[in-house]
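Quick notes on the structure that follows.
A quick note: this is a predicted structure, and the numbers were derived from the prediction, not measured. We name chains A, B, ... by the order of the sequence lines, and we start the count at 1 in each one.
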Amino acid sequence: MLGATNLMRSHTQTSHIRLKRTFVVVTVAREKFITPGPKKDTKKQKKIKFDPTDELWKSDINLNEDITKALGGVALLEKERKSGDPFKQRAYENAIYIITSYPARIISGAEAKKLQGIGSSIANKIDEILKTGTCESLKEKQEDAELFETFSQVFGVGPVAAKRFVDKGYKSISDLANDPDLTDMQRLGIKYVDDFKLMIPKVEAQGLIHYVQDVLKELSPAYIGIACDGHRRELSETNSLYMAITHPNYTSSPSTDPGRLLLDLTDALTDLGFLTDHISSGILKYWVRWESIEGSTI
DNA sequence: GAGACGGCGCATTATA
DNA sequence: TATAATGCG
DNA sequence: GTCTC
């Protein structure tokens, strides 16, 4: 979402709509958003750096599948245990990606450790995997890790809630529905768990965008609404839909109060029956559920 | 050995 | 009741 | 968890 936001710049403060199958997200970009961050310098060391564009790394098959599989399980476990440290998680994903691309069979942890992104901890685990075929820690808690992953699929359920559900002994997503402490977002996440997995064909997305644009124009001809992200990139289907809306009166320099910019739109769309469920609502960000309207050309 | 690894809006809960 | 912290996408 | 300083 932020990537799309970065496309909006200059002196026009921007509102943002995102439709994810049945959901719409509206965000108003802020000035600090808009400034692109500094480029990070990638300095290389004596370690071998992974470069997916290099011929050297061209490998069609994963010669180390046993290792990457086991590491994937460990990563999942680690994620569950720590309630999801995002950096640790990324470190594992990165290492697994590198090893998957590695064009030779790894015969020791030390060999793998020469690669940038693999340190002593993972190197040790690789030795264990090579020796025993698996990782000790994997054996018992694998089911928990898998449940953790399942629950994490639910919109609104992050690492903390997922772990709580595992600890409560839930075995499936339908078990979650009876939990007394669900947030509104999680209730919707459960209700639409399958819906979220659907892709939006391009034609449908175009219809949705035009629909929103028409409503927008009725509110004020000066309103501007454009599609972003996947649709902007001409993908044949997307799993989410972003729109940015703005108005000439709404500028970021000096910044003006976005006021009812979003609420007017979302109210109108709700009155029309286009939006049904509201995930969150603010003057800067609005998430709602939409439904195709009977008889419309969508 | 310590800090970076993206930053932010909204909802919810914890704390003053 | 006001503010801070947490969880989440 | 790995990398950099």
Side-chain angles (χ1 to χ4, degrees), chain A residues 1-6 8 13-21 23-50 71-72 74-79 81-99 109 112-126 135 137 151-165 180-190 192 196 229 239-242 258 261-263 266 277-289:
Chain A
M1 177 156 57
L2 299 188
T5 310
N6 285 335
M8 309 300 135
Q13 200 153 3
T14 307
S15 283
H16 214 140
I17 299 183
R18 171 197 188 191
L19 307 144
K20 177 174 168 75
R21 181 53 184 176
F23 286 82
V24 181
V25 178
V26 182
T27 303
V28 176
R30 299 194 115 163
E31 186 118 34
K32 31 181 138 168
F33 259 151
I34 291 166
T35 313
K39 253 191 170 173
K40 47 184 75 169
D41 45 315
T42 46
K43 48 183 68 171
K44 58 155 126 190
Q45 278 320 59
K46 59 269 173 190
K47 279 216 173 190
I48 300 170
K49 193 177 174 208
F50 171 60
L71 282 180
V74 175
L76 216 54
L77 267 175
E78 201 61 35
K79 200 165 134 191
R81 193 171 66 78
K82 295 272 292 179
S83 293
D85 175 347
F87 299 113
K88 186 177 276 196
Q89 186 185 326
R90 184 184 306 169
Y92 267 110
E93 284 169 3
N94 185 41
I96 291 168
Y97 178 49
I98 291 168
I99 295 172
K113 200 181 170 184
K114 289 179 185 166
L115 305 172
Q116 190 177 45
I118 294 165
S120 50
S121 177
I122 287 183
N124 289 340
K125 287 188 172 67
I126 288 176
C135 249
S137 55
F151 298 152
S152 299
Q153 294 173 12
V154 176
F155 195 89
V157 175
V160 173
K163 172 150 180 56
R164 198 177 78 237
F165 293 148
D181 299 320
L182 291 178
T183 64
D184 292 345
M185 190 188 277
Q186 288 164 345
R187 254 183 281 275
L188 289 173
I190 293 167
Y192 298 115
F196 270 129
D229 201 56
N239 79 338
S240 61
L241 230 176
Y242 298 74
L261 179 63
L262 295 189
L263 285 181
T266 51
D277 296 291
H278 297 233
I279 296 178
S280 72
S281 60
I283 55 173
L284 295 176
K285 186 189 247 177
Y286 211 106
W287 292 14
V288 288
R289 174 176 186 271

Nearest to the side chain of [X], which nucleotide is it out of [options]?
| X | options | result |
| --- | --- | --- |
| A/Val160 | D/dG1, C/dC8, D/dC3 | C/dC8 |
| A/Pro159 | B/dT12, C/dC8, D/dT2 | C/dC8 |
| A/Ser280 | D/dG1, B/dT12, B/dC10 | B/dC10 |

Using a heavy-atom cut-off of 4.0 Å across all strands, would you classify [X] as base, sugar-phosphate, or nothing?
| X | value |
| --- | --- |
| A/Asn94 | nothing |
| A/Ala75 | nothing |
| A/Lys113 | nothing |
| A/Val154 | sugar-phosphate |

In chain order, what residues pass the side-chain contact (heavy atoms from CB on, under 4.5 Å) check against A/Ser120, with sequence neighbours excluded?
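Residues passing side-chain contact (heavy atoms from CB on, under 4.5 Å) with A/Ser120: A/Lys113.
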
Quick one: side-chain contact (heavy atoms from CB on, under 4.5 Å) partners of A/Ala112, sequence neighbours excluded?
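Partners of A/Ala112 by the side-chain contact (heavy atoms from CB on, under 4.5 Å) criterion, ordered by chain and then number, come out as A/Ile106, A/Ile118, A/Ile126.
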
If you compare every side-chain N and O of A/Lys47 against the phosphate oxygens of D/dT2 (OP1, OP2), does one of them come in below 4.0 Å?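 So the side chain of A/Lys47 is outside the cut-off, no N or O lying under 4.0 Å from OP1 or OP2 of D/dT2.
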
Review point. Within the structure, does a side-chain N or O atom of A/Thr183 lie under 4.0 Å from either OP1 or OP2 of B/dA11?
Key: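 Result: no.
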
Less than 4.5 Å apart, side chain to side chain, heavy atoms only: is that true for A/Glu93 and A/Ile96?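 Of all side-chain heavy-atom pairs linking A/Ile96 with A/Glu93, none is under 4.5 Å.
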
Quiz item: Mind checking whether A/Val74 and A/Tyr92 have side chains closer than 4.5 Å, heavy atoms only?
Solution: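 Yes, close enough: below the 4.5 Å cut-off.
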
Could you tell me the separation between the [atom1] atom of [X] and the [atom2] atom of [N], rounded to a whole number of Å?
| X | N | atom1 | atom2 | result |
| --- | --- | --- | --- | --- |
| A/Leu263 | B/dC10 | CG | C1' | 13 Å |
| A/Ile279 | C/dG9 | CD1 | C1' | 10 Å |
| A/Asp85 | C/dG7 | CG | P | 13 Å |
| A/Gln116 | B/dC5 | CD | C1' | 13 Å |
| A/Leu115 | D/dT2 | CG | P | 12 Å |
| A/Met185 | C/dG7 | CE | P | 15 Å |
| A/Asp184 | C/dG7 | CG | P | 18 Å |
| A/Lys49 | D/dC3 | NZ | C1' | 12 Å |

**Report entry** Parallel, tilted or perpendicular, as decided by the 30° and 60° cut-offs, for the rings of A/Tyr97 and A/Phe50
**Finding:**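 Taking A/Tyr97 first and then A/Phe50, their aromatic rings stand perpendicular (interplane angle over 60°).
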
Say you pick atom C1' in C/dT6 and the same atom in B/dG7; how far apart are they, in whole Å?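 Between the two C1' atoms, the distance is 16 Å.
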
